[in-house]
Amino acid sequence: MISAYVSTLAFGTYYLILGIPELYIPTYGAFVLFTVYGLLSVFSSVNLITLFRLSIATALLAFYNQVYYTGGVLSSGLLEFVIPPLLAFFYRPIRDRYFFMAISGICLVSMFILSSLGYTKNLILEQLRVEHGILCALFIFTIVSIYTFLFRNALVIKNKKIGDSMKELQETTHMLIQSEKMASLGMLSAGVAHEINNPLNFIKGGVEILEDGLKEEKELQFEASPSLHVIKEGLKRASVIVNSLNHYSRKTDSMNEKCDLNEILNNSLVMLQPKLKYKGEVVKDLENAPLVVTGNEGKLHQAFLNILSNAEQAIEKNGTVTVRSRKLNSKMAVEIMDDGEGISKENLNRISDPFFTTKPVGKGTGLGLAITYKIIEEHNGNVNVVSKPGKGAKFTISFPTQ
């Protein structure tokens with residue numbers, strides 16, 4: 001639109017100086033129309049596509065009039081007929097391109113006919129025709145250059161959007177696959193927990209029967225008491241593991257569950273205990289009172305298990321994983337620290353990016369922390385990470401107090 005204002009104003013003034021009313025009146029008229037179109041677009045009074053079509057049609061009429069009075073097919077402005085199809089090419093409706101190409105073609109053909117019949121005129125003085133030709137050539141070159149540049153930029157932007165969409169689709173697809181894997185693992189965990197729970201109940205029932213039978217046999221009861229204690233302790237530990245599996249395998253989309261962060265941390269540590277016990281020590285310092293968050297218990301189990309799993313993988317033998325929970329005024333905070341290899345400065349800002357991983361190929365998808373960050377965000381929480389290479393890492397997960 002700006003190029004239309006400048007060109008019509010410049011040509012109109014040029015023809016006014018030359019004193020050619022057949023040219024400057026229509027050109028200034030086109031300038032007035034373009035001004036009206038601009039005001040209509042600013043106030044959104046007319047559909048933009050309609051204004052675009054009106055602008056192209058107005059430009060085509062102005063070019064036709066200019067070519068007619070500056071020599072017809074010998075006019076230095078004849079190539080201006082290519083500009084409307086060029087402008088239409090940058091606009092979305094494909095039919096507009098073909099329509100204005102056809103109209104421009106008709107204008108060109110009719111100009112040949114009118115020129116051959118002697119109807120066209122050249123009102124430019126002989127000594128000014130070269131100057132006029134340079135002006136027209138400069139105008140055409142400028143318009144074509146501007147819109148070629150815009151077209152190139154439009155393609156770059158479009159390709160970037162397509163690339164971003166493809167990347168987002170890929171990330172979503174991989175997260176969906178990971179989510180399905182976690183769902184399958186949850187179902188497997190639930191099945192295992194159920195299968196373990198049944199024999200545990202049989203053992204528990206057998207222990208109760210033995211205890212009842214030994215009540216009157218004091219000597220045997222005394223001898224069997226240590227063995228029964230060991231069996232009951234084993235039952236207790238097994239029950240804790242089964243309970244943790246049940247919590248981890250809960251599959252629901254509800255975000256209205258009351259989730260105790262301390263309980264979730266305990267369950268997650270139970271799940272990782274088989275790996276952690278061979279690597280070092282776990283230090284727990286949990287708030288005495290329950291820290292309750294409204295959300296999805298299964299997802300929070302997954303999030304904390306991912307962070308604890310990273311901590312476990314970061315430490316070597318004789319390492320330490322420290323887990324703390326605190327209620328701080330308007331927030332509830334969970335700190336998970338390890339004294340492992342730490343995270344380099346360049347990787348620290350990338351750990352939440354999907355598919356970013358420092359693990360060898362086949363050892364990790366790079367989705368664990370990306371999913372963790374998303375889950376924490378869904379629960380209105382945030383994650384802060386502090387780490388230095390060789391100094392371990394500290395994850396602080398905070399939630400607003402309910």
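Reckoned from all heavy atoms, side chains included, excluding hydrogens, waters and symmetry mates.
Within the 4.5 Å cutoff, no side-chain heavy atoms of Val321 are placed close to those of Glu312. Ile124 has its side chain within reach of Tyr15: a pair of non-hydrogen atoms, C-beta onward, lies under 4.5 Å apart. For the pair Ile20/Tyr69, no side-chain contact is recorded, criterion being any heavy-atom separation below 4.5 Å from C-beta on. For the pair Ser110 and Tyr64, the minimum side-chain heavy-atom distance is below 4.5 Å. Looking only at side-chain heavy atoms (C-beta outward), Ser104 and Leu60 come within less than 4.5 Å of each other. Put simply, the side chain of Cys136 reaches to within 4.5 Å of the side chain of Gln66, judged on heavy atoms. In this structure, Leu9 and Tyr28 have side chains that are in contact, with non-hydrogen atoms separated by less than 4.5 Å. With contacts defined as side-chain heavy-atom distances shorter than 4.5 Å, the pair Asn266/Lys284 qualifies.
Glu257 places a side-chain N or O within 3.5 Å of a backbone atom of Glu297 that can act as its donor or acceptor partner. Here the side chain of Ser115 pairs a donor or acceptor atom with the backbone of Val73 at under 3.5 angstrom. In terms of modelled atom types and a separation under 3.5 Å, the side chain of Ser387 and the main chain of Gly392 share a donor-acceptor contact. Listed for the Asn65 side chain is no donor-acceptor partner under 3.5 Å among the backbone atoms of Leu61.
The shortest non-hydrogen separation linking Pro26 to Pro21 is CD-O, 3.6 Å. Nearest heavy atoms, Gly72 versus Leu78: O-CD1, 3.9 Å. Across all their heavy atoms, Leu308 and Ser268 have their closest contact at CD1-CB, 3.6 Å. When all heavy atoms of Phe100 and Ala57 are compared, the closest pair comes out as CE2-N, 4.0 Å. Nearest heavy atoms, Ser116 versus Ile113: OG-O, 2.7 Å. The shortest heavy-atom contact between Tyr37 and Ser55 is CD1-OG, 3.4 Å.
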Yes or no on side-chain contact (heavy atoms from CB on, under 4.5 Å) for Leu18 and Leu125, after CA distance, side-chain angles and deciding distance?
CA-CA 9 Å; Leu18 296 180; Leu125 297 174; 5.6 Å; no
Output, in order, the C-alpha distance, side-chain angles, deciding distance and verdict of side-chain contact (heavy atoms from CB on, under 4.5 Å) for Leu272 and Leu305.
CA-CA 8 Å; Leu272 281 175; Leu305 192 62; 3.8 Å; yes
Candidate pair Leu74 and Asn122, rule side-chain contact (heavy atoms from CB on, under 4.5 Å), full reasoning:
CA-CA 9 Å; Leu74 297 177; Asn122 194 345; over 6 Å; no
Are Phe99 and Arg53 close enough, and set up right, to give a side-chain contact (heavy atoms from CB on, under 4.5 Å), and what steps lead you there?
CA-CA 10 Å; Phe99 175 76; Arg53 290 168 179 165; over 6 Å; no
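Expressed to the nearest 0.5 Å, how far CD1 of Ile343 lies from CG of Asn310 amounts to 8.0 Å. Distance OH/Tyr14 to CD/Glu131: 3.5 Å, rounded to 0.5 Å. Taken to the nearest 0.5 Å, the CG atom of Leu108 stands 13.0 Å off from the CD1 atom of Ile103. Taking CG of Asn306 as the reference point, atom CD1 of Ile336 lies at 10.0 Å (rounded to 0.5 Å). The OH atom of Tyr24 lies 9.0 Å from the CD atom of Glu22; values are rounded to the nearest 0.5 Å. Interatomic distance, His301 NE2 to Ile375 CD1, rounded to the nearest 0.5 Å: 12.0 Å.
For the residue pair Thr401 / Lys331, no side-chain donor-acceptor distance below 3.5 Å is found, with atom types taken as modelled.
With sequence neighbours left out, the side-chain hydrogen bond (donor to acceptor under 3.5 Å, both in side chains) criterion links Asn288 to no other residue. For Asn262, the side-chain contact (heavy atoms from CB on, under 4.5 Å) test picks out Asp260, Leu286, Glu287, Leu291, Ser325, with sequence neighbours left out.
Residue Leu300 forms a side chain to side chain contact (heavy atoms under 4.5 Å, CB included) with just one option from Leu265, Ile397, Ile264, and that option is Ile264. Here the rule is side chain to side chain donor-acceptor pair (under 3.5 Å) with Arg129, and of His132, Gln127, Glu126 only Glu126 fits it.
Classification of the Phe399-His379 ring pair by plane angle, with boundaries at 30° and 60°, yields perpendicular.
Counting heavy atoms of neighbouring residues, nucleotides and ligands inside a 6.0 Å radius, atom CG of Asn318 does not exceed 12 of them.
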